[in-house]
Amino acid sequence: MEKVTILGSTGSIGRNTLEVVDLLSQRFKVVGLAAGRNLALLYKQAEKFKPEIIALEREEDAAKFKQNCKKPYPQIIFGTKGVEEAARYFKNDIVVSAITGIKGLRPTMAAVEAGKRVALANKESMVTAGFLLRQAADKNGAEIIPVDSEHSAIFQCLAKERSQDVKKVILTASGGPFFQLSRQEMKLKSLDDALKHPRWNMGKKVTIDSATMMNKGLELLEAQSLFCLEPQQLDVVVHPQSIVHSLVEMKDGSVLAQLSITDMKIPIQYALTYPERCESPLPALDLKAVKLLEFMEADQEKFPLLRLAFLALQKDRCFSVALNAANEIAVEAFLNKEIKLIDIFEIVDETINSSVRTNIETLEDIFLIDRETRKRARNLIRQRI
Ligand SMILES: NC(=O)c1ccc[n+]([C@@H]2O[C@H](COP(=O)([O-])OP(=O)(O)OC[C@H]3O[C@@H](n4cnc5c(N)ncnc54)[C@H](OP(=O)(O)O)[C@@H]3O)[C@@H](O)[C@H]2O)c1
C-alpha cells in the first residue's frame, strides 16, 4: 500500500483526491490529513479514512477536534509547524499539497526535504520558490508531480521528449466568466458573478484568479519553474471548452497535446499513480459530442494581471514573489467585499511598482518580500475604503 497525506483535505482538490484514493483503495491508504476551519467535514473524512495524523490550522480547533475524536485516535497537531510535521510524517509516500496560497509553501518544502513524492496543486509555492523546491528535490530525492491540469498536460506531453527539442509550451485558459466582456462591463460584476466559473468547480481564491486571468499568470510562472523554460518559450491561448489542457510545440513543427473531460480527478489520479495509469470510472471524452475546439488570443490589456505575469517571466524572482503577495491580499479584500473586481488590477499594479528587491537564497528571504508587499497592498486598500 502507498501511504498518502493530503494537505488541504477539506478543499476542492482535497475532496477530489479523497474520491480518487477511495476508488483506488486497494493501492492507496490515507495516513494524514491537514485542514483549516471546516471541522465538520474533517470529522467525516477522519471517520471514513482513519488517518494516523491530523493537522489543523488553529490550536483551539485542534483541542475541539480531539474531544470528539473516535477510536483509533489519531495524533492531532496544529499550526504551520503541525502541517509541516504532517507533510514530513515518516510513513508518507505521497503528499498532496493542496492548501491555497503561500501558506502552502512551508509544508510543501517540508515534504520535499523529507524526500516524498509531492503531488503539487499549490501553484503559489512553485511561483514564489520554484528554484528552491527543485534544488531541495534534487538533493533529497523527492519528486514533484504537477496536479494543475495544464501542468499535468505539459508533464505528460514532455514525458518522452528531450528538452532541447521543445520550442514552446502553450497553456490553455478557459477565459473565466468575463472573457467576452469589455473592461467597462467587468466594472459592474459582483463577487457572486466572479465566483461562477463556466467550466471548473474550485475553491474561492483560484476561482477569482480565473476571473481576473491571474490564475493563468500564476500558471505561466509555475510552468517556467517546473519545466525550466525560457520566457519566450511560454504562451497562453484561450480555449473556452477546456478540453485541451495544454500543448507543447516541438522544433520539427509537431504539436503535442493532452485532452480529457473537465475533471480534476484525472490529473490528481495521474500524479498519484505516475508512471502507471489506472482505470477511471469517469465518462470518456466524447469528441463527437464536444464538436468544436476553439483557440483564441488572450487579451492582456483587458486582463492586466496576465500582462504582469508575462513581465514577471523576464524579471528577477522578487517580482514574482511580490506579484503573488499583492494578488493574494487584493483577492482577499475582494472576497471580503472591501474592493471591486477591477480594483484588484490597480492594487496589484501599484503595489509591485515599489516592491522590495533582495537576493533570494532561502525561504526566509521570500517571506520577507511577501510580508513587506502584503503591508503595502493593505495600505493601498485602506486608502480606498
Ligand atoms: N480547485 C481546483 O480545481 C484547482 C486546480 C488546480 C490548482 N489548484 C490549486 O490548488 C490549491 C488548492 O485549491 P482549492 O481550490 O482546493 O482550494 P480550497 O477549496 O480553498 O481549499 C483549500 C484547503 O486548504 C485548507 N487550508 C487553508 N489554510 C490552511 C492552513 N493554514 N492549514 C491547513 N489547511 C489549510 C482549507 O481548509 P478549510 O476549508 O478547512 O478551511 C482547504 O482544505 C490552490 O493553490 C489552487 O490554486 C486548484
Side-chain angles (χ1 to χ4, degrees), residues 5-20 32-46 53-59 61-62 64-65 76-87 95-108 110 118-128 145-155 171-174 176 195 197 199-212 214-219 221-223 226 242 245-246 262-268 270-271 324 327-328 331-332 335:
T5 280
I6 301 157
L7 311 178
S9 67
T10 49
S12 161
I13 292 288
R15 294 191 309 268
N16 274 303
T17 305
L18 285 169
E19 280 188 46
V20 172
L33 297 175
R37 310 288 336 257
N38 190 347
L39 297 196
L41 179 57
L42 190 63
Y43 280 127
K44 287 190 189 150
Q45 295 179 342
I53 187 163
I54 292 183
L56 279 138
E57 184 177 359
R58 300 184 189 205
E59 186 172 3
D61 287 339
K64 217 186 285 170
F65 196 87
I76 304 203
I77 47 187
F78 58 86
T80 311
K81 292 266 172 260
V83 183
E84 284 177 57
E85 200 177 320
V95 176
V96 179
S97 168
I99 292 174
T100 302
I102 203 166
K103 276 193 285 190
L105 174 54
R106 286 190 200 275
T108 302
V118 178
L120 183 72
N122 174 261
K123 61 193 81 181
E124 295 87 348
S125 56
M126 210 63 205
V127 168
T128 54
I145 315 285
V147 161
D148 231 332
S149 57
E150 294 77 2
H151 303 79
S152 175
I154 298 161
F155 185 77
L171 284 90
T172 52
S174 70
L195 286 172
H197 195 280
R199 297 279 166 197
W200 297 97
N201 185 8
M202 310 178 284
K204 285 185 180 171
K205 197 264 180 181
V206 60
T207 304
I208 301 306
D209 283 344
S210 296
T212 62
M214 179 57 169
N215 186 44
K216 213 46 54 183
L218 294 173
E219 287 176 7
L221 294 159
E222 182 185 5
L226 267 174
S242 298
H245 297 297
S246 277
T262 312
D263 194 314
M264 284 308 293
K265 287 191 275 300
I266 294 177
I268 290 170
Y270 184 72
N324 178 67
N327 181 61
E328 282 195 27
V331 171
E332 189 181 285
L335 286 170

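Quick note: residue numbers are just sequence positions, from 1. The shown structure was predicted, so the numbers you read here are calculated from the model rather than taken from an experiment. Values reported hereafter were calculated over all heavy atoms of this structure, with side chains retained and with hydrogens, waters and symmetry mates removed. Just so you know, ligand 1 is whichever comes first in the structure, and atom 1 is the first atom listed for that ligand.
Residue contact check: G11 has heavy atoms under 4.0 Å from atoms 16 (O), 18 (P), 19 (O), 21 (O), 42 (C), 43 (O) of ligand 1. Against a heavy-atom cut-off of under 4.0 Å, A121 is close to the following atoms of ligand 1: 7 (C), 8 (N), 9 (C), 10 (O), 45 (O). Near T10, meaning under 4.0 Å from any of its heavy atoms, are these atoms of ligand 1: 36 (C), 37 (O), 38 (P), 39 (O), 40 (O), 42 (C), 43 (O). Against a heavy-atom cut-off of under 4.0 Å, A98 is close to the following atoms of ligand 1: 12 (C), 22 (C), 23 (C), 24 (O). Using a 4.0 Å cut-off to heavy atoms of E124, the atoms of ligand 1 that qualify are 45 (O). Set against the non-hydrogen atoms of K123, the atoms of ligand 1 under 4.0 Å away are 7 (C), 45 (O), 47 (O). Atoms of ligand 1 found under 4.0 Å from any heavy atom of E57 (numbered from 1 in listed order, with element): 28 (N), 29 (C), 30 (C), 31 (N), 32 (N).
The shortest contact between atom 17 (O) of ligand 1 and any protein heavy atom is with T100 OG1, 3.0 Å. Remark: minimum distance from atom 33 (C) of ligand 1 to any protein heavy atom is reached at A35 O, 3.2 Å. For atom 48 (C) of ligand 1, the closest non-hydrogen atom of the protein is I13 CG1, 3.5 Å. In terms of protein heavy atoms, atom 37 (O) of ligand 1 is closest to G36 N, 2.9 Å. From the protein, the heavy atom lying nearest to atom 27 (C) of ligand 1 is K103 NZ, 3.8 Å.
Across N215, D148, N201, heavy-atom proximity to atom 7 (C) of ligand 1 is greatest for D148.
When only modelled atom types and interatomic distance are considered, T108 and S97 share a side-chain donor-acceptor pair under 3.5 Å.
Residue contacts with ligand 1 leave out G14, since none of its heavy atoms falls under 4.0 Å from the ligand. Using a 4.0 Å heavy-atom cutoff, K205 is absent from the residues neighbouring ligand 1.
Contacts of V206 with ligand 1, taken as heavy-atom pairs under 4.0 Å, involve the side chain alone.
A salt bridge is absent between E57 and R37; no separation between the charged side-chain nitrogens and carboxylate oxygens falls under 4.0 Å.
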May I have the step-by-step check of salt bridge (charged side-chain N to carboxylate O under 4.0 Å, His left out) for E124 and K205, ending in yes or no?
-> CA-CA 11 Å; E124 295 87 348; K205 197 264 180 181; 3.1 Å; yes
